[in-house]
Amino acid sequence: MPSLPITILFAAALLGGLLVKFWLATRQMRHVAAHRGAVPAAFAATVSLAAHQRAADYTLAKGRLGLLSTAFGTAVVLGWTLLGGLDLLNTWLLATVQPAWGNMGYQLALLVGFTLVSTLLDLPFELYSTFRLEQRFGFNRTTPKLFIADLLKNTLVGALIGLPLAALVLWIMGATGGLWWLWAWGAWVGFNLLIMVVYPTLIAPIFNKFEPLADEGLKARVQALMQRCGFAAKGLFVMDGSRRSAHGNAYFTGLGAAKRVVFYDTLLAKLNPGEVEAVLAHELGHFKHRHITQRIVMVFGISLAALALLGWLAQQPGFYTGLGVLPNIGPNAGAPNDALALLLFMLALPVFSFFVSPLAAQLSRQHEFQADAYACAQASGADLASALLKLHEDNAATLTPDPVYVRFYYSHPPASERLAALALRSA
Ligand SMILES: [Zn+2]
């Protein structure tokens with residue numbers, strides 16, 4: 001496969017993606033700014049002008065930061081690929097690490113080096129977002145000390161889990177021949193299932209405290225709801241989400257009988273028991289409609305297709321040279337190309353998959369409507385509506401998003417659509 005068509009296709013997708021992202025973001029910002037002056041009629045009785053304008057300002061501030069990070073992210077991808085960043089890192093590690101640590105050491109060093117540089121490049125945006133943007137709107141609860149502790153813990157957990165997995169995948173790529181991608185997929189699926197099992201009890205507690213739900217009244221209500229819905233969980237827990245952020249949430253984790261329900265303390269502080277019950281009923285709706293299982297199956301299916309594609313691409317010299325890297329052939333022969341292929345694929349895939357992301361968003365919004373409908377049947381629709389509105393206001397989410405932006409990005413339908421659907425059901 002010649003390299004020039006690959007370079008042209010990649011550059012066109014990267015540039016096209018950048019233009020579409022900018023077009024969408026500026027549409028959203030213009031739309032929100034244009035509607036900043038007045039609360040939409042449907043919310044006039046329930047949302048104050050001050051809250052509406054705070055949401056508009058938050059959306060605009062996030063939008064401006066988003067433009068900057070989109071432009072920077074595109075430059076970084078270009079830097080790694082066509083401008084030769086990955087090639088430079090690879091050449092250097094081939095000369096320094098490979099002779100001393102061998103092929104596996106060199107390949108792991110390449111993955112680690114790439115990850116470290118990427119994390120460092122992202123850091124300014126994360127710092128600005130946490131300590132400036134979220135701080136300005138009163139959401140941030142993360143102290144600099146906690147930020148550093150999180151960074152260290154993330155690195156440590158990432159290394160403990162990521163390095164053995166990477167070594168296993170690289171070994172499979174080198175040792176199992178032409179169908180390596182099938183074996184690698186098996187390892188990937190097994191690894192993900194294992195993480196789903198151990199995450200709630202082993203990994204999540206490294207970052208947060210989990211305490212059994214103590215409020216007896218709420219507990220009884222929630223248990224009655226779960227019984228009504230035929231749902232078995234190992235326990236109800238409250239998580240100290242307030243350590244990091246004022247944003248509230250509730251979720252399920254775990255697989256099979258190890259499932260647990262986790263409420264953020266910030267959610268319990270904001271909602272009354274009826275509203276908490278309705279939010280939980282919505283989450284149960286996702287389970288009853290098998291949305292979670294569907295999503296897992298879909299992700300596994302897509303990763304199989306992606307790995308098969310990588311299995312083919314990794315054989316094509318044009319895949320490497322077309323994306324700005326000299327593979328380990330000719331003068332570099334002897335070292336494997338597997339880590340290089342993985343990294344190039346990780347860099348290139350999102351450039352193309354961005355264009356199909358509206359399909360995933362569309363499916364997700366459908367699921368939200370289904371879960372809302374389930375919640376209406378099992379709990380109070382009015383409670384769900386008031387909970388949604390409170391969470392919207394507390395998260396300063398805009399009530400007037402741009403419709404095209406919504407189609408592309410929103411995993412949840414806008415509040416106006418969700419509340420209208422709920423009102424229809426309750427009527
Ligand atoms: Zn949902």
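Only this structure's heavy atoms are used, side chains among them; waters, hydrogens and symmetry mates stay out. In listed order, ligands and their atoms are each counted from 1.
- Note on ring orientation: taking the six-membered ring where Trp is involved, the planes of Phe354 and Phe408 are tilted (angle from 30° to 60°).
- Side chain to side chain, Arg132 and Gln135 fail the donor-acceptor criterion of an N or O pair below 3.5 Å.
- Here the Zn ion (ligand 1) has protein N, O or S atoms under 2.8 Å from it, and they come to 4.
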Check step by step if side chain to side chain contact (heavy atoms under 4.5 Å, CB included) holds for Phe10 and Val77.
CA-CA 11 Å; Phe10 176 71; Val77 171; 3.8 Å; yes
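- The side-chain contact (heavy atoms from CB on, under 4.5 Å) test with Phe263 is passed by exactly one of Leu218, Leu280, Asp215: Leu280.
- Among Phe139, Phe125, Phe147, the one residue that satisfies the ring pair (Phe, Tyr, Trp, His ring centres under 6.0 Å) test with Phe131 is Phe147.
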(Q) Pair Trp181, Trp312 - check side chain to side chain contact (heavy atoms under 4.5 Å, CB included), show working. (A) CA-CA 9 Å; Trp181 50 272; Trp312 178 72; over 6 Å; no
